[in-house]
Number of protein chains: 2
Amino acid sequence: MRSHINSRDPLAHEVLAAVLQVRSARGSDRPPSLQVLLWRRALDPHLGRWSLPGGRLRADEDVETSIRRQLAEKVDIRQLRHVEQLAVFSDPRRVPGPRVVATAFLGLVPSDVDPEVPEDTAWHPVEDPPRTAFDHRDIVTGARDRLRAKLSYTNLGFALVPRRFPISVLRDHYSAALGYRVSATNLQRVLSRRGLLTDTGDTAPSGRSGGRPATLYSFVHDDMQVTDPFAAFKPPSAGRARTS
Amino acid sequence: MRSHINSRDPLAHEVLAAVLQVRSARGSDRPPSLQVLLWRRALDPHLGRWSLPGGRLRADEDVETSIRRQLAEKVDIRQLRHVEQLAVFSDPRRVPGPRVVATAFLGLVPSDVDPEVPEDTAWHPVEDPPRTAFDHRDIVTGARDRLRAKLSYTNLGFALVPRRFPISVLRDHYSAALGYRVSATNLQRVLSRRGLLTDTGDTAPSGRSGGRPATLYSFVHDDMQVTDPFAAFKPPSAGRARTS
DNA sequence: ACAAAAGTGTTGCGACTACACCCATGA
DNA sequence: TCATGGGTGTAGTCGCAACACTTTTGT
């Protein structure tokens, strides 16, 4: 504890990322869910709790470079398809000890990679995360809400799915991320009307119990674009909901 | 210049605000415009250029407290009706000399106050700002865009206008902020349908050349709320535009 | 043939734009 | 009574949700 605090004291800056991915419980055929990568703290403030990956900002990098470097170094996430700033967390007492200001990020990993992560990290459902260290839970919530909002008016879905996918898979990803069941029919039409999807010409083999083979689609752009200032995919109209 | 840079060096943090207000050119009866408060730098890096108000983050305050304090202290803006974080600017070379990371804010002042500001500050149109110091122009642009977007799906208009206002005044403010002419008729209907406006019962006296006296309305809430995940007030449909 | 899964046609609704028209005041 | 500005009625459009129906496969 310093006895005197100078108002122009420099302070430490860290970057943190809520890395989200739509994942299926291994083996199970329950629907996949939106999950966040957390690691268990090995040091004392909040030892044993779950926290977001990240670390100190270096002198020669900006915050986005920093979070990308740290994710690549520490948890082997090189497959990030999208990274964006969420907010600054700056409560002077947000962490015990010397002050640290944090810049929080949202990161997205497509579901067809399973990045190798260290022993002490694990994926947790964003809807029901474990007890986290510091203010990290707020960051997870913020990341989830940002993703949900942007699915409605941007092409951000591209960052959740493999390059090529049948509509049913796309539907499962949107449903997992949004937290409610979305209609494959209307999803296809909305995204097509906006010019976001292309038919690759190929089809996926039909499943174990037959059925018409599904056309493989892909997103036209692989960077985020605002496609519609309007939002869509609102939760079903709460009364006659039956979104097949 | 330090000869050795340690990657865990602490660094300075500043807060900056793009304070926006819809203002009329004094005396003129041209339509009002969206303007930003800038002050002329008296110190050497970029001496004489225009810059955003703000300053160093103190050890005992979070970034929002800090920007509110600094605006109150330095430029006598106590009438902020809305403050929100925009983004972190962290390029290591964004300012000459020792590194400073900045958190940028959007601030809104209603048009019925004319805050007393120091000699060396002035309001400038956001559409055509003067040459600014550092990366401050990007912050101004970001603030403008954030305001425009939020006018479409929140009640943020409340922060631009006086407490009570006729629809024609509201229309002028939306038009100034959005940069294109908005229909008073439809503006009233959209905001009413969303439950954002109330009829105060009073009316404004009719102007110099007669006309029906206007009802005075006010916003129902005086804090920001997301009222519609959808956007509205898109520019007129570029072909048959005649938005009276 | 029949089940299963993919995809299309069609209807209805809600929210917005555009614009004609009516209302209340000052001169 | 006329000019001026405020406000309402109403028709057309667009985007989406819902759901019935058709298509294409495996068994």
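Order of the sequence lines fixes the chain letters, A, B, ..., with proteins taken first and strands second; residue numbering starts at 1 for each chain.
Counting only residues at least two apart or on different chains, the side chain to side chain donor-acceptor pair (under 3.5 Å) pairs with a member in residues 155-165 of chain B are Arg164(B)-Asp202(B).
Residue Leu216(B) contributes atom CG, which lies 17 Å from atom P of dG5(D) at whole-angstrom precision. Rounded to a whole Å, the CG atom of Leu187(A) is 13 Å from the P atom of dT8(C). Atom CG of Leu170(A) is separated from atom P of dA6(C) by 12 Å (rounded to the nearest Å). Distance CZ (Arg171(B)) to P (dT17(C)): 14 Å, rounded to an integer number of Å. Taking atom CG of Leu196(B) as the reference point, atom P of dA15(C) lies 13 Å away to the nearest angstrom. We find that OH of Tyr153(B) is positioned 19 Å from C1' of dA15(C), with the value rounded to whole Å. Across the protein-nucleic acid pair, Ile167(A) atom CD1 and dA6(C) atom P stand 10 Å apart, rounded to whole Å.
In this view, Asp62(A) and Thr65(A) satisfy the side chain to side chain donor-acceptor pair (under 3.5 Å) rule, not counting sequence neighbours. The side chain to side chain donor-acceptor pair (under 3.5 Å) check on Thr203(B) picks up nothing, with sequence neighbours excluded. With sequence neighbours excluded, no residue satisfies side chain to side chain donor-acceptor pair (under 3.5 Å) with His124(A). Residues satisfying the side-chain contact (heavy atoms from CB on, under 4.5 Å) test with Ser111(B), not counting sequence neighbours, are Pro162(B), His173(B).
For Pro213(A), taking side-chain heavy atoms from C-beta onward, the closest of the listed nucleotides dC16(C), dG15(D), dT24(D) is dT24(D). Here the side chain of Val190(A) is nearest to one of dG7(C), dG6(D), dA17(D), namely dA17(D).
Dashed line: the shortest gap from a side-chain N or O of Arg194(B) to OP1 or OP2 of dC16(C) is under 4.0 Å.
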Heteroatom pairs (N/O) under 3.5 angstrom, protein to nucleotides 8-11 of chain D:
unit_1, atom_1, unit_2, atom_2, d
dG9(D), N7, Arg189(B), NH1, 3.1
dG9(D), O6, Arg189(B), NH2, 2.3
dT10(D), O4, Arg189(B), NH2, 3.0

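No donor-acceptor pair under 3.5 Å is formed between the side chain of Thr198(B) and the backbone N or O of Thr200(B).
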